[in-house]
Amino acid sequence: MLKQAIADLLTKAFKEAQKAGKLPAFTLPEIVIEHPQNPEHGDYSSSVALKLAKEARMKPLDIAKAIISFITRSPEIAKVDVAPPGFINFTLKKEWLAKQVNAILAEGNGYGNIPLGKGKKIQIEFVSVNPTGPIHVGHGRGAVLGSTLCNVMTAGGFDVIKEYYFNDSGSQMDAFRNSLWARYRQALGKDAAMPEDGYHGNYMVDLAKEIVREEGDRYLKMPEVEGIDKLGEVGLTKILADTREDLKNLRVEYDVWYSEKTLYENGQFDKVMKLLKKKGYIAEKEGATWFVSTALGEDKDNVVIRSNGSPTYFAADIAYHYNKFIERKFDKVINIWGADHMGHVSRMKAVVSALEIDPTRLEIIVNQMVTMRRGGEVVRISRRTGDMITLRELLEEVGPDACRFILLSRAADAQMDFDMELAKKQSAENPVYYVQYAHARIASILKLAEERGATDKGGDVSLLTTEPELTLIRKMLLLPELVETISLTLEPHHLTYYAQDLATVFHAFYRDCRVVSDNKALTSARLKLVKAAKLVLGRTLNLMGMTAPERM
RNA sequence: GUCCCUGUAGCUCAGCUGGAUAGAGCGGCUGCCUUCUAAGCAGCGGGUCGCAGGUUCGAAUCCUGCCAGGGACGCCA
C-alpha cells in the first residue's frame with residue numbers, strides 16, 4: 001500500500017541524511033503517515049520531524065528541510081514539500097491517480113483485499129445468546145458488528161471462522177425447560193404454575209401452543225422428568241431455528257454453531273479443570289470449587305463448580321476458550337459481548353493467562369446498549385419480562401439494509417439510540433439510502449451509455465484530470481487502508497462514514513462532470529471511472545452486508 | 001463503595017491511537033430540475049470539545065481529581 005511505501009521512503013531518507021551528516025544520530029520512531037484534512041497540504045503527510053525535534057535538538061522545520069532532499073523520487077509522487085511548523089507533505093501525481101482506475105478495474109470485486117492477515121486463523125464469536133427466547137435489537141447490534149468485522153477481516157487476508165456459542169445446559173436452560181413445561185400444561189388445560197425465575201414472555205405461551213398443535217399431549221403421557229426433558233429439547237431446537245432464521249434475515253450466517261453441552265461430553269471440560277488444578281489455580285472452599293483469579297491480580301475468586309456439583313457458566317467458558325486456543329489452535333480469538341458481560345472480561349483474560357496463552361491473543365469487544373425509540377418515545381426492552389422489540393419485528397418494520405447501517409454506524413463502546421421512525425423513512429432524512437442512491441445513479445449512467453452505444457473500450461484514463469474526477473479517485477483509494485485500519489482496531493463502524501464520504505464525492509463528480517456526452521474519448525474514460533466507482537461503492541456496501549441496488 | 005464505558009453543534013454521532021482552521025447527518029433558513037435518478041447539489045446559521053488542574057513545541061485525544069448518564073460487581077448467563 002502507498003502509505004507504507006511512503007513511510008519506507010521516509011525511513012530511508014532519514015538514514016541517508018544521518019549518514020551524510022545532515023542529521024544527528026537518533027533512533028527513528030515509528031513513522032505515522034496520515035491524510036491531511038486540508039487538501040492543500042497534499043495527499044499524505046507526516047509529522048515525524050515534529051516528533052523528533054526534542055531528541056535531535058533541532059527545529060522541526062530544519063529537520064524536515066534536511067530530510068526532503070534525501071527522499072528518492074518515486075513514480076507516484078509529484079512533489080514533497082515542507083510546511084510549518086514541520087510537516088512533510090506528499091502530493092501524488094495526477095497521472096498516477098488516473099491510472100489507478102485501471103488498477104481498480106483489474107482487481108474487480110477483489111478490490112480492497114489486502115494481505116495483512118497472511119492467512120492467520122481468527123475466530124470471531126458473536127451474538128451467542130442463550131437459546132431461551134427470541135433475540136432482540138441489542139443482540140442485533142452485536143450481530144451486525146460481528147458479521148461486518150468478519151467480512152472486513154476476511155478482506156484483510158485473515159482466515160476467519162464465524163461462530164455462535166449456545167448454552168444448551170446450565171441453570172438458565174433448566175428455567176427455560178420448566179417454564180415451557182408449565183406453559184405446555186396450561187395449553188392443555190392443566191394446572192401449572194410458572195417458576196418464579198422462569199421466562200414469562202408471551203413467546204413461551206406461543207411456543208407451548210405450537211408444540212401442542214404439532215404433537216399434542218404426548219409429553220404429558222411420559223414420566224414427568226422425561227417429559228420436561230424431551231419437551232425442553234423440542235423447545236430448544238425451535239428457538240435455535242428461529243434464532244438462525246432471524247440472523248439470516250439480517251444477513252448474518254455462521255460457520256460453526258457450538259454447543260456448550262459438547263464441552264462436557266467430549267472431555268474438554270474435565271481436561272481443562274485438571275490442567276488448572278495442576279497449575280494451582282483451583283481451590284475448594286465453602287463447599288464449592290473456585291478459580292483463584294486473585295492469584296492473577298483479580299479482585300475476587302470465582303466459582304467454577306457449585307456446591308451442588310453443577311458447573312457455572314464461567315467454567316463452561318473456560319473450557320470453551322481452552323478449546324478455541326489449545327484444541328483448535330486459533331491464532332487470535334475475538335469475542336463480541338453485550339455490555340452486561342463487561343464483568344466477565346477480566347476474568348476470561350485471567351483464565352487465558354493461567355493457561356499460559358498470551359492474553360493479547362484474546363480480544364473482547366463489548367458493545368454498549370441500544371435504546372430503542374419511536375420518535376421521541378423510548379421503548380424499554382427486557383428479556384426476562386418479555387417486554388421487548390424482537391429482531392424479527394425490527395426487520396419486518398425496518399428492513400435489513402437500514403438495520404445494518406444504523407446498528408453499524410456507532411462505535412461499539414458508545415451507547416446508541418435507534419429511532420425506528422427515522423429508520424423506516426425512505427427519504428433524505430435517512431443516511432442509509434444516500435449511499436445506495438449513489439450506486440443506483442451509477443448503474444443508471446451505465447444503462448444510458450449502453451443504450452447510446454457508448455463504451456469504455458479503449459478508454460484513456462489519462463483524460464481524467466479535473467478535480468472532481470481526481471477527488472473521487474483519491475477517495476476510492478482509501479478502501480484498502482480502511483480494511484487495514486478496521487482489521488487492526490476492530491472498529492467496523494468506520495465503514496459507514498467512508499461509505500457516506502465516497503457517495504458524497506461521487507455526487508459532486510456527478511454534478512460537475514457529464515459522463516455520456518458527444519466527446520467519445522472522454523466518455524470512454526469517464527465510463528471507466530464510473531465503473532470503478534461502482535465497484536468500490538458496491539464492495540463497501542457488500543462489506544457492510546448491505547445490498548447495492550441497480551435502481552431505486 | 002469498587003471497577004468499566006460514555007460526555008464534542010438544537011438532536012444523533014464521527015474525529016484515523018498527540019498534529020495544521022474541530023467535522024458529518026438530521027432539524028432551521030436560502031437558492032438549484034428542457035440535458036446520465038432532486039432519495040441529489042450549493043450556500044447560511046449553529047461550539048467554554050462536561051468542569052478543574054497537569055504532561056509538551058502542540059491536547060477533543062494522554063494523566064489526576066471532581067460532576068453527570070449508563071453498565072458490571074451472583075454458587076445467573
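Here the structure is a predicted model, which means the values were calculated and not measured.
- Among the atoms of the strands shown, only primed sugar atoms or phosphate atoms (P, OP1, OP2) are found under 4.0 Å from some heavy atom of A:Ala411.
- Taking 4.0 angstrom as the limit, A:Tyr434 places a side-chain polar atom (N or O) nearer than this to OP1 or OP2 of B:rC41.
- Here A:Lys447 lies out of heavy-atom contact (under 4.0 Å) with every strand.
- Residue A:Ala339 is classed as a sugar-phosphate contact, given heavy-atom separations below 4.0 Å to backbone atoms only.
- The neighbour count for A:Lys457 NZ, taken as heavy atoms of other residues, nucleotides or ligands under 6.0 Å away, does not exceed 12.
- The residue A:Asp174 sits apart from the nucleic acid: no heavy atom pair falls under 4.0 Å.
- Checking B:rG19, B:rG15, B:rA77 against the side-chain heavy atoms of A:Gln172 singles out B:rA77 as nearest.
- No contact: A:Ala53 has no heavy atom under 4.0 Å from any strand.
- Here A:Phe87 packs flat against the base of B:rA20; its ring centre is closer than 5.5 angstrom to the base's six-membered ring, tilted by less than 30 degrees.
- Mapped onto RNA chain B by nearest heavy atom, A:Met369 and A:Thr485 fall at different nucleotides, with A:Thr485 at the one closer to the 5' end.
- Judged by atom type and distance alone, A:Gln415 does not reach the base of B:rG71 through any side-chain donor-acceptor pair under 3.5 Å.
- Between A:Tyr164 and A:Tyr258, the ring centre distance reaches or exceeds 6.0 Å.
- For A:Ser47 and A:Val303, each mapped to the nucleotide of RNA chain B holding its nearest heavy atom, the one lying further toward the 5' end belongs to A:Ser47.
- A:Glu298 comes within contact range of no nucleotide atom at all, as no heavy-atom separation falls under 4.0 Å.
- As judged by a 4.0 angstrom heavy-atom cut-off over every strand, A:Arg526 is placed among residues making no nucleic acid contact.
- If you measure from atom CD of A:Glu484 to atom P of B:rC16, you get 16 Å, rounded to the nearest angstrom.
- In this structure, of B:rG19, B:rC13, B:rG15, it is B:rC13 that holds the atom nearest to the side chain of A:Asp417.
- No contact: A:Arg452 has no heavy atom under 4.0 Å from any strand.
- To the nearest angstrom, C1' of B:rG70 lies 9 Å from CE of A:Met342.
- A:Ser517 places a side-chain N or O within 3.5 Å of a backbone atom of A:Asn519 that can act as its donor or acceptor partner.
- A:Tyr313 and A:His344 have their aromatic ring centers within a separation under 6.0 angstrom.
- Listed by chain and number, the residues in a salt bridge (Lys or Arg N to Asp or Glu O under 4.0 Å) with A:Asp43 are A:Arg474 (sequence neighbours excluded).
- With B:rG18, B:rA14, B:rA77 as the choices, the nucleotide that has an atom nearest any side-chain atom of A:Arg410 turns out to be B:rA14.
- Taking only side-chain nitrogens and oxygens, A:Tyr497 never comes nearer than 4.0 Å to OP1 or OP2 of B:rC16.
- Here the options are A:Val515, A:Val530, A:Asp456, the test is side chain to side chain contact (heavy atoms under 4.5 Å, CB included), and the partner is A:Leu446; only A:Val530 passes.
- Residue A:Ser45 is classed as a base contact, given a heavy-atom separation below 4.0 Å to a base.
- No contact: A:Phe314 has no heavy atom under 4.0 Å from any strand.
- Backbone-only engagement by A:Arg511 is indicated by non-hydrogen atom pairs under 4.0 Å involving sugar-phosphate atoms exclusively.
- A:Ser171 comes within 4.0 angstrom of the backbone, heavy atoms only, and of no base.
- Ring pair A:Phe87/A:His41: centre-to-centre distance not below 6.0 Å.
- Considering only side-chain atoms of A:Gln37, the nucleotide from B:rA38, B:rA77, B:rA20 that sits closest is B:rA20.
- Applying the 5.5 angstrom centroid cut-off and the 30 degree plane-angle cut-off, the aromatic ring of A:His341 is not stacked upon the base of B:rA77.
- With hydrogens and angles ignored, a donor-acceptor pair under 3.5 angstrom links the side chain of A:Asn89 to the base of B:rA20.
- The CD1 atom of A:Ile63 sits 18 Å away from the P atom of B:rG19 (whole-angstrom rounding).
- With its glycosidic angle more than 90° from 0, B:rU8 adopts the anti conformation.
- Taking the side chain of A:Glu34 as heavy atoms from C-beta on, and the options B:rG19, B:rA20, B:rA24, the nearest nucleotide is B:rG19.
- Shown here, B:rC63 is classed anti by the O4'-C1'-N9-C4 or O4'-C1'-N1-C2 angle, which is more than 90° from 0.
- Taking atom C1' on both nucleotides, B:rU17 is separated from B:rU21 by 23 Å, rounded to a whole Å.
- Heavy atoms of A:His41 sit under 4.0 angstrom from at least one base atom.
- Residue A:His35 is in base contact, counting any heavy-atom pair closer than 4.0 Å across all strands shown.
- Comparing B:rC76, B:rU17, B:rC13 by their nearest atom to the side chain of A:Met416 picks out B:rC13.
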